[in-house]
**Student:** 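Following this message is one structure expressed as structure tokens.
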There are 2 protein chains.
Amino acid sequence: MALQNYNSEDKVLLAVDCIIFGFDGKDLKILLIKRDFEPKRGSWSLIGGFLKKEENLDAAAIRILHHLTGLHNIYMEQLYAFSKVDRDPAERTISVAYYALIDIASHDADLIQLDTAQWFSLHDAPDLIFDHDDMVNRALARLRRRALSKPIGFELLPTKFTMRQLQKLYEAILDKKLDKRNFINKFNSLGILEKLDEKDMTASRKGAFLFQFDADKYNAKVEEGFSFKL
Amino acid sequence: MALQNYNSEDKVLLAVDCIIFGFDGKDLKILLIKRDFEPKRGSWSLIGGFLKKEENLDAAAIRILHHLTGLHNIYMEQLYAFSKVDRDPAERTISVAYYALIDIASHDADLIQLDTAQWFSLHDAPDLIFDHDDMVNRALARLRRRALSKPIGFELLPTKFTMRQLQKLYEAILDKKLDKRNFINKFNSLGILEKLDEKDMTASRKGAFLFQFDADKYNAKVEEGFSFKL
DNA sequence: ACAACAAGTGTACAATGTACACATTTTAGG
DNA sequence: CCTAAAATGTGTACATTGTACACTTGTTGT
């Protein structure tokens, strides 16, 4: 902003890379692709692309995610701009990272077709190219904080879920065991879940009641000054 | 990342804009400059500049802050990348915002020389160009959260400060009155302040003891799993 | 010496967090 | 048909933390 004209300033490539988190009922996972082009052909990386002049970053992130995975209507949030000078050996590139949350089961159909993409548990994911490991670590830290202060966990679950699944999700995100009774009591006291009459019969003989997140009730409470704190 | 060569991709100008917060013992302020060039000559804006190819964003933010204000060794943190397509009418520009925290009194000498820059209380700051008001709002939200979870408030105070000053600072950041006894009790229970033998005699006849932030003690406690929560 | 002024200090109660164990429901299999 | 197996579902006592609240202390200018 300091100069009278912008012509003398450097222009750079602006990449968008996406950390896609998924949950399969047990583990927190990330979606990676195997690069079939140079540099670093054959290495694993996040999915990414470049910003076009006529779109903003959110739109670029949505476009890139959709183009490479077929996924629509996915929760995404801007994470951080990574700018180490030599981060991409091919050319000076700044990358703005976004993270996305999806329920793996609900999107299986879209994702099966991807033969270059693969889910990895966070524990046994391969090393990634460039600074992509930094991106994943920062995304994970953000996810952990957000999961405690915003009701974004539901993005990783089917619309209807059992309390057990919800608890397993939080255990996976926070990487620690939680107490069943305390977890359920706390969540119920928030008053943003609707208990359905349906039961999930797949995991036990007794069956477990299904719940769903009530976004209307949540928004109404937020209006009144409520804030989600787990 | 999806293409074999990068040549066909758009390049853009990457700006860095700085939200500079200061505290004068009473109000939380931001430092603004009056633009003396087009577009929007005469309007108030954040200080900013453009990323150069051979530096990363942190370095650019430091350089820009120093170049326009003379300030050194200032706490800065990357905030967010703003990318609305028409945000800068002159040219397609993405801006990565940083926010900085400084103690106004300690840096008076550096800042007096700036005749185009001026401190404004958040309450009566003018409208800013482009999306700079969005930037300030987002920075303020970040500052509020950070002030409760990291000991960054000290960046806005002199090295030695009274409990009263510290409380006033938090009241300014959070924009609400706090209870004196509860505030002091809570802060002392953190065990990261050192009480000095000196008193500040400027604000009362009795005088108020000075304290300073003990970064070593803080870091040691963090190692042991402590985390600052106000 | 006393009035004025900010500094400094503790307690009772409420709200929240945490640890913890057993009864219930259903069906697969003998 | 009866029983065993497996996961669901539920409450309480205690500890910790948060919150509301008022008076005494120390100093100096008049």
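Just so it is clear, the model here is predicted, and its values are computed rather than measured. The sequence lines fix the lettering, A, B, ..., with proteins before strands; numbering per chain opens at 1.
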**Student:** Can you tell me whether the side chain of A:Lys206 and the base of D:dT8 have a donor-acceptor pair closer than 3.5 Å?
**Tutor:** yes

**Student:** Rounded to the nearest angstrom, tell me the gap between atom CG in A:Leu230 and atom P in C:dT18.
**Tutor:** 11 Å

**Student:** Looking at B:Phe226 versus B:Phe228, is the centre-to-centre ring distance below 6.0 Å?
**Tutor:** no

**Student:** Closest nucleotide of DNA chain C for A:Gly207 versus for A:Asn185: which of these residues is on the 5' side?
**Tutor:** A:Asn185

**Student:** Give a yes or no answer on whether the side chain of B:Gln165 reaches the backbone of B:Thr162 with a donor-acceptor pair at less than 3.5 Å.
**Tutor:** yes

**Student:** Quick check: on DNA chain D, is the nucleotide nearest A:Arg164 upstream (toward 5') of the one nearest A:Arg205, or the reverse? Name the residue that is more 5'.
**Tutor:** A:Arg205

**Student:** Provide, to the nearest angstrom, the distance between the CG atom belonging to A:Leu190 and the P atom belonging to C:dT16.
**Tutor:** 11 Å

**Student:** Which sits closer to the 5' end of DNA chain D, A:Asn182 or B:Met201, going by the nucleotide each is nearest to?
**Tutor:** A:Asn182

**Student:** Let me know the distance between NZ of A:Lys195 and C1' of D:dT8, rounded to the nearest Å.
**Tutor:** 10 Å

**Student:** Should the pair A:Tyr99 and A:Phe21 be assigned to parallel (<30°), tilted (30 to 60°) or perpendicular (>60°) ring geometry?
**Tutor:** perpendicular

**Student:** Is it the case that D:dG9 (base atoms only) and A:Lys180 (side chain only) share a donor and an acceptor within less than 3.5 Å, ignoring hydrogens and angles?
**Tutor:** yes

**Student:** Starting the side chain at C-beta, find the nucleotide from C:dA7, C:dT9, D:dT8 nearest to B:Arg181.
**Tutor:** C:dT9

**Student:** Could you check how far CD1 of A:Ile184 sits from P of C:dT18, rounded to whole Å?
**Tutor:** 16 Å

**Student:** Rounding to an integer number of Å, can you tell me how far B:Asp200 CG sits from C:dC5 C1'?
**Tutor:** 14 Å

**Student:** Among C:dG8, D:dG18, D:dG11, which nucleotide sits nearest the side chain of B:Lys186?
**Tutor:** D:dG18

**Student:** Roughly how many Å is it from CZ in B:Phe183 to C1' in D:dC21, rounded to a whole number?
**Tutor:** 18 Å

**Student:** Check the distance between D:dA15's P and A:Asp179's CG and give it to me in whole angstrom.
**Tutor:** 18 Å

**Student:** Assess whether a salt bridge exists between A:Asp24 and A:Lys29, defined as any Lys/Arg side-chain N lying under 4.0 Å from an Asp/Glu carboxylate O.
**Tutor:** yes

**Student:** Between C:dT9 atom C1' and B:Met163 atom CE, what is the distance in whole Å?
**Tutor:** 12 Å

**Student:** Which residue is it: A:Phe211, A:Tyr218, A:Phe213, A:Phe23? I am looking for the one with a ring pair (Phe, Tyr, Trp, His ring centres under 6.0 Å) to A:Phe154.
**Tutor:** A:Phe213

